[in-house]
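Per chain, numbering begins at 1; letters A, B, ... match sequence-line order. Hydrogens, waters and symmetry mates play no part in the numbers below; they use all other heavy atoms, side chains included. Given the structure is predicted, the values throughout are model-derived calculations rather than measurements.
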There are 2 protein chains.
Amino acid sequence: MVERRKPIPVEDAVKKVMNFSRTGLIEEVDINQCYGRFLAEDLIADHDVPPFNRSPYDGFAIRSIDTKDANLEHQVEFEVIDEIGAGFVSDKRVGSFQAVRIMTGAQMPVDCDAVVMLELTKEYKRNGSTFMSIKRSFQSGDNISFQGEDTSKGTTLVKKGTFINPGVKALLATFGYHKVKVAKKPVVGIYATGTELLDVEEALVPGKIRNSNSHMIFAQIERAGGIPKYLGKLPDDFELCYTSIKKAVEEVDLFLTTGGVSVGDYDYLPAIYEKLGAEVLFNKIAMRPGSVTTVAQLGGKLLFGLSGNPSACYVGFELYVRPIIRKALFSPNPHLVKVIAELGEDFKKPNPFTRFVRSRLAFHEGKVMVSPSGVDKSNIVSSIATANALMVLPGGTRGYQKGDMVDIFLLEEQEGSTWSWA
Amino acid sequence: MVERRKPIPVEDAVKKVMNFSRTGLIEEVDINQCYGRFLAEDLIADHDVPPFNRSPYDGFAIRSIDTKDANLEHQVEFEVIDEIGAGFVSDKRVGSFQAVRIMTGAQMPVDCDAVVMLELTKEYKRNGSTFMSIKRSFQSGDNISFQGEDTSKGTTLVKKGTFINPGVKALLATFGYHKVKVAKKPVVGIYATGTELLDVEEALVPGKIRNSNSHMIFAQIERAGGIPKYLGKLPDDFELCYTSIKKAVEEVDLFLTTGGVSVGDYDYLPAIYEKLGAEVLFNKIAMRPGSVTTVAQLGGKLLFGLSGNPSACYVGFELYVRPIIRKALFSPNPHLVKVIAELGEDFKKPNPFTRFVRSRLAFHEGKVMVSPSGVDKSNIVSSIATANALMVLPGGTRGYQKGDMVDIFLLEEQEGSTWSWA
């Protein structure tokens with residue numbers, strides 16, 4: 001049976017899907033397992049930074065009052081009574097015209113209120129004691145990093161839902177998060193459909209091609225932050241298909257199929273959705289490629305039917321599945337970031353529907369440039385491999401020219417966007 | 001002993017380090033473990049794409065010669081003698097005015113040389129047989145994707161040393177790489193130095209701070225593509241330090257320390273390098289932060305002495321350690337990519353040395369914009385966390401103004417650059 005399908009705008013399709021997004025679960029990992037995960041709680045300063053008044057330089061801690069008469073004609077001498085490295089605290093009391101040799105990062109002695117940098121002093125020994133002299137005066141507070149001046153205790157430094165990069169991890173360490181609460185990765189089940197599909201390790205035979213989509217999607221799920229679970233190829237038998245899918249949907253957080261959503265005769269999916277009692281949110285979108293992308297929901301759980309065409313499958317994943325995964329990771333910016341770029345070459349194809357073109361972003365003299373990554377036949381195959389952006393060309397146009405400004409989505413950017421649609 | 005140190009230009013320091021770069025080893029992983037790894041061999045097409053002549057549309061395979069008299073006034077009728085879905089091959093011979101119903105992706109029957117799209121035909125039944133008729137003529141080759149037209153067997157599609165993204169993985173699957181040869185990740189040993197350092201799980205005590213650098217570096221190593229091996233804090237005892245480092249250097253591919261490279265009194269590293277017989281390549285670089293970054297080599301193996309200052313440590317890693325890791329991963333582009341951006345705000349600090357400023361890249365109306373990520377006190381602590389770029393401000397300038405064009409390095413970009421220096 002060939003169904004009638006009514007295409008809906010891309011923006012509406014994304015909205016319909018996002019209605020069923022769920023925020024995820026939390027798990028705790030060791031700090032050295034947290035890189036690349038998403039924070040499940042705000043990162044809060046558990047102490048002031050600096051945690052104590054400290055010296056930002058190598059030098060001498062002194063009482064500023066003792067320097068008031070120092071000048072080029074009159075040098076003032078201090079007895080050096082102690083020496084403190086970073087990590088040590090002096091227990092000596094510092095009196096008039098006494099000083100403490102202090103290293104970068106070390107805590108200020110309680111009696112001192114200024115630091116004189118090493119290069120402004122002259123050091124010497126006399127009668128077994130160490131002295132230093134200076135030729136200028138200092139104010140109270142000179143060359144001290146004061147407790148809390150960078151960050152005060154209790155400040156929220158990084159928000160829940162942030163991707164943990166090396167710098168965020170440095171903050172986690174600084175503030176004592178040796179266990180880190182991160183978002184649990186959602187498990188995404190994948191079934192491939194299509195009797196023409198061979199496994200990667202199989203030799204080619206007439207009429208068949210190797211299954212590349214489920215492997216590609218597997219990596220897209222990893223890039224988005226989920227755990228891919230490849231379930232195999234759907235059997236070519238309705239009842240077996242139905243029970244396989246029913247079981248799979250129960251075991252995963254998100255479920256997706258590649259292929260089997262075109263209007264071909266061998267497509268069981270609509271009937272399976274119906275038998276499962278799933279509500280089809282849409283089965284045609286006003287976009288190229290990927291117009292046959294189908295999404296259904298069953299008890300609030302999403303079932304994605306991505307196209308069997310590799311480019312359509314790729315684009316469908318990034319537009320509709322990725323934001324659901326990112327939402328489960330608490331990200332406030334689940335969508336791909338959209339930026340404006342200058343088209344580096346003509347793109348003559350007219351667009352009845354919005355077109356998403358696999359593209360390469362480049363930078364030139366401060367400008368963002370973009371070109372399709374697969375313009376001629378010879379690089380169609382590798383156009384997804386070399387793409388780092390999707391060019392978004394609105395429908396109803398007669399093609400674009402070199403120099404036109406166009407919207408592009410960035411595929412390898414981690415921060416994302418709150419909403420990328422009009 | 002306070003050594004005299006002669007600063008060398010950043011470019012020279014990078015060159016000196018790169019002289020000791022080594023290409024790495026190869027290991028084989030299952031295709032579903034390969035995302036994010038680096039290819040250790042070229043990816044070559046093991047078959048033509050398409051692998052056979054196939055139909056790009058749903059429709060009917062015909063002999064074009066039978067259509068030569070078809071036009072709007074004269075429709076030509078074909079008997080539909082078979083039906084082939086993707087993955088199937090028709091064994092029927094197709095004679096005059098016969099057609100085969102064909103699905104997208106299916107292999108062309110041997111006798112046919114054109115495809116008529118479904119929507120251009122009228123299909124009907126008569127006397128138990130199926131017929132279809134058309135109202136226009138077709139040329140031989142119309143609507144056929146020919147074997148090898150996208151890629152011919154033997155073509156190199158992706159070069160050794162390429163980061164495996166989802167699209168590269170799709171190609172690996174397409175061409176039968178169920179086991180993938182990838183670069184073995186180099187093991188990078190990390191020792192933290194500094195008596196002021198507490199472990200992350202320890203409570204703060206006067207004068208001490210938590211060790212954040214080694215955790216940050218751990219993640220930077222992961223981002224660069226290596227395996228971090230945290231070895232702990234160096235003991236405060238020369239002999240123990242020496243034997244610990246000697247043992248560590250033997251066990252890892254690269255060795256690094258954070259802290260202990262300043263001119264402070266508690267710094268054992270120069271003496272340890274000497275006792276090990278390591279050659280110090282440089283111990284001062286004309287850059288801020290990170291001027292005290294020290295690199296030595298021992299039997300061709302690199303020992304990096306990064307600063308204990310978090311920003312200096314971060315920058316030192318990205319400039320000197322990252323390219324060594326990427327080279328071990330066979331990358332032809334081991335360095336950070338440098339692009340030109342417009343400065344979004346004044347940066348008044350004069351630069352005696354080249355300065356690397358933790359910054360945020362942003363896009364605005366097709367332009368690349370950049371601003372420091374930690375301009376005021378309150379965000380100094382999190383400036384590494386929010387940085388996605390390093391602004392490169394050459395030495396000898398009196399500061400920069402909003403609107404100036406500046407060079408920036410991208411920190412989260414995977415493709416890299418062959419050489420980023422003048």
Provide the closest heavy-atom pair for [X] versus [Y] in the form atom of the first, atom of the second, distance.
X: I340(A); Y: E365(B); value: CD1-OE1, 3.8 Å
X: L204(B); Y: P51(A); value: CD1-CB, 4.1 Å
X: G167(B); Y: I384(A); value: CA-CG2, 3.6 Å
X: A170(A); Y: S212(B); value: O-CB, 3.4 Å

query = Which atoms of V168(B) come close to chain A, meaning under 4.5 Å heavy atom to heavy atom: side chain ones, backbone ones, both, or neither?
reply = both
request  = Answer with side chain, backbone, both or neither: which region of D46(B) has an atom nearer than 4.5 Å to a non-hydrogen atom of chain A?
outcome  = side chain
I'd like to verify something: which residue of [options] has the highest number of heavy-atom pairs under 4.5 Å with chain A?
options: N388(B), T174(B), I209(B), V406(B); answer: T174(B)
options: Q414(B), K208(B), H215(B); answer: H215(B)
options: K367(B), M405(B), E201(B), H364(B); answer: E201(B)
options: I31(B), I164(B), L171(B); answer: L171(B)
options: Q107(B), K169(B), E415(B), M216(B); answer: K169(B)

Lys/Arg N to Asp/Glu carboxylate O, E196(B) vs R54(A), below 4.0 Å = no
Interchain contact, [X] with chain B, by part (heavy-atom threshold 4.5 Å):
X: E342(A); value: neither
X: Y177(A); value: backbone
X: L361(A); value: neither

Between [options], the one whose heavy-atom pairs under 4.5 Å with chain B are most numerous:
options: A203(A), A106(A), G176(A); answer: G176(A)
options: F363(A), Y230(A), F218(A); answer: F218(A)
options: V200(A), L172(A), V205(A); answer: V200(A)

task = Would you mind reporting whether F52(B) and P206(A) have side-chain heavy atoms less than 4.5 Å apart?
result = no
Validation row: N165(B), E412(A) side chains within 4.5 angstrom (heavy atoms) = yes
